[in-house]
Amino acid sequence: MRALLALLLLCTAPALFAAAPARIEATYDVLGKGIKLAVIKETFTRSGNRYHIESITKPVGLLALFKPGSIIVTSEGFVTKEGLRPLKFVQNRTQDSAKNSAADFDWENDELTSNDQAGVRTAPLPPGTQDRLSVMYQFAAMPPRGKLELKLNVANGSKLNVYQYQIHPEQSVTVPLGTLRSLYLYTLPQSTPWKSEIWLAVENGYVPCKVVLTEDNGDKVVQVLTALSITQ
């Protein structure tokens, strides 16, 4: 029986990680009111059943004069049959350490620990919770094909947010990388103009190719894909 179980594990192990590429390198421009504000460079790497993501945001133009510091965000954890399972999330600002934050995921005890300028706090950890960086690469590991809606629990080191997305059938979206077929995810109308929109590149590993966040006051921050490399 043990030999049979071992054989089954050997046969199924590759399938657990097949959906997650070995490496993804993505570059984005961040725009506000049509003006380029920053450049984001992200790297996702997988080694066996472990993953590591690093995202570095550097301001450009006038923003770099007033806020020259970079934002460095990392996420690490496991790759499972349900996709990414984060263990540690860290967000550091090189020029404003008071806004640093971190989150630890204790899956054995279903406990989330957040750490920011308000202190250290613990809260229940819902199944499938992602952090704000891993959630974007969860789409590449577990594409939401055939779904009409998607509920996401996302930790950012300060609190746990719950997002309910509707999924629109494939449509085209034009970004600096080109015109891409995509899945369009969007939140339902809120009491304020706040809205989150994500376009996933269908033929490019379901990596987000455009993200738009509309703030409560109506201002929009747009993130668009400018370069992409995927190694399976």
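Of the possible donor and acceptor atoms, one in the side chain of Trp107 sits under 3.5 Å from a partner among the backbone N and O of Pro86. Put simply, the side chain of Ser101 gets close to the backbone of Asn156: a donor and an acceptor are under 3.5 Å apart. With hydrogens and angles disregarded, a donor-acceptor distance shorter than 3.5 Å links the side chain of Gln190 to the backbone of Leu188. Between the side chain of Arg85 and the backbone N or O of Thr80 there is no donor-acceptor pair closer than 3.5 Å. Under a 3.5 Å cut-off, the side chain of Arg46 and the backbone N or O of Tyr51 do not form any donor-acceptor pair. With Ser182 contributing its side chain and Gln171 its backbone, the two residues share a donor-acceptor pair below 3.5 Å.
Closest of all the heavy-atom pairs between Ala201 and Leu180 is CB-CD1, 4.1 Å. Here the closest heavy-atom approach between residue Tyr28 and residue Thr226 is recorded as N-OG1, 4.0 Å. A pairwise comparison of heavy atoms in Ser55 and Glu42 identifies OG-OE2, 3.0 Å as the closest pair. Scanning all heavy atoms of the two residues, the minimum distance from Glu197 to Thr214 falls at OE1-OG1, 4.5 Å. In terms of heavy atoms, Ser172 sits closest to Thr179 at CB-CG2, 4.1 Å. Taking all atoms of both residues into account, the shortest heavy-atom contact from Val60 to Ala38 is CG2-N, 3.7 Å.
Residue Lys147 places its NZ atom among 12 or fewer non-hydrogen atoms of other residues, nucleotides or ligands, all under 6.0 Å distant. No more than 12 heavy atoms of other residues, nucleotides or ligands sit less than 6.0 Å from atom CG of Leu148.
Note: Arg93 CZ to Asn100 CG = 8.5 Å, rounded to the nearest 0.5 Å.
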Apply side chain to side chain contact (heavy atoms under 4.5 Å, CB included) to residues Leu225 and Lys210 and explain how you reach the verdict. CA-CA 6 Å; Leu225 187 66; Lys210 183 177 181 179; over 6 Å; no

Derivation of the side chain to side chain contact (heavy atoms under 4.5 Å, CB included) call for Leu228 and Ile230: CA-CA 7 Å; Leu228 179 65; Ile230 300 177; 4.0 Å; yes

Test side chain to side chain contact (heavy atoms under 4.5 Å, CB included) applied to Val207 and Ile24, step by step: CA-CA 9 Å; Val207 171; Ile24 301 174; 4.2 Å; yes

Side chain to side chain contact (heavy atoms under 4.5 Å, CB included) between Ile40 and Val30, intermediate numbers included: CA-CA 7 Å; Ile40 301 175; Val30 179; 3.5 Å; yes

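In this pair, Tyr163 and Tyr165 present their aromatic rings tilted. The plane angle is within the 30 to 60° band.
Checked options Gln95, Gln91, Lys99, Lys58; the residue passing with Ile71 is Gln91 (criterion: side chain to side chain contact (heavy atoms under 4.5 Å, CB included)).
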Under 3.5 Å, which donor-acceptor pairs do the side chains of residues 120-131 form with other protein atoms, sequence neighbours left out?
from: Arg121; atom 1: NH1; to: Asp116; atom 2: OD1; distance (Å): 3.0
from: Arg121; atom 1: NH1; to: Gly119; atom 2: O; distance (Å): 2.9
from: Arg121; atom 1: NH2; to: Asp116; atom 2: OD1; distance (Å): 3.4
from: Arg121; atom 1: NH2; to: Asp116; atom 2: OD2; distance (Å): 3.3
from: Arg121; atom 1: NH2; to: Ser158; atom 2: O; distance (Å): 2.8
from: Thr129; atom 1: OG1; to: Pro126; atom 2: O; distance (Å): 2.7
from: Gln130; atom 1: OE1; to: Ser134; atom 2: OG; distance (Å): 2.7
from: Gln130; atom 1: NE2; to: Leu84; atom 2: O; distance (Å): 2.8
from: Asp131; atom 1: OD1; to: Leu133; atom 2: N; distance (Å): 2.9
from: Asp131; atom 1: OD1; to: Ser134; atom 2: N; distance (Å): 2.6
from: Asp131; atom 1: OD1; to: Ser134; atom 2: OG; distance (Å): 3.3
from: Asp131; atom 1: OD2; to: Ser75; atom 2: OG; distance (Å): 2.6

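With 3.5 Å as the limit, one finds no donor-acceptor pair spanning the side chains of Asp104 and Thr113. A donor-acceptor contact closer than 3.5 angstrom is absent between the side chains of Ser196 and Thr187. Under 3.5 Å, the side chains of Ser229 and Glu25 contain no donor-acceptor pair of N or O atoms.
Among residues two or more places apart in sequence or in another chain, the ring pair (Phe, Tyr, Trp, His ring centres under 6.0 Å) test is passed with Tyr137 by Phe44. With sequence neighbours excluded, no residue satisfies ring pair (Phe, Tyr, Trp, His ring centres under 6.0 Å) with Phe139.
The shortest distance between side-chain heavy atoms of Trp199 and Leu183 does not fall below 4.5 Å. When side chains are defined from C-beta on, Thr231 does not count as touching Pro21, because their heavy atoms never get closer than 4.5 Å.
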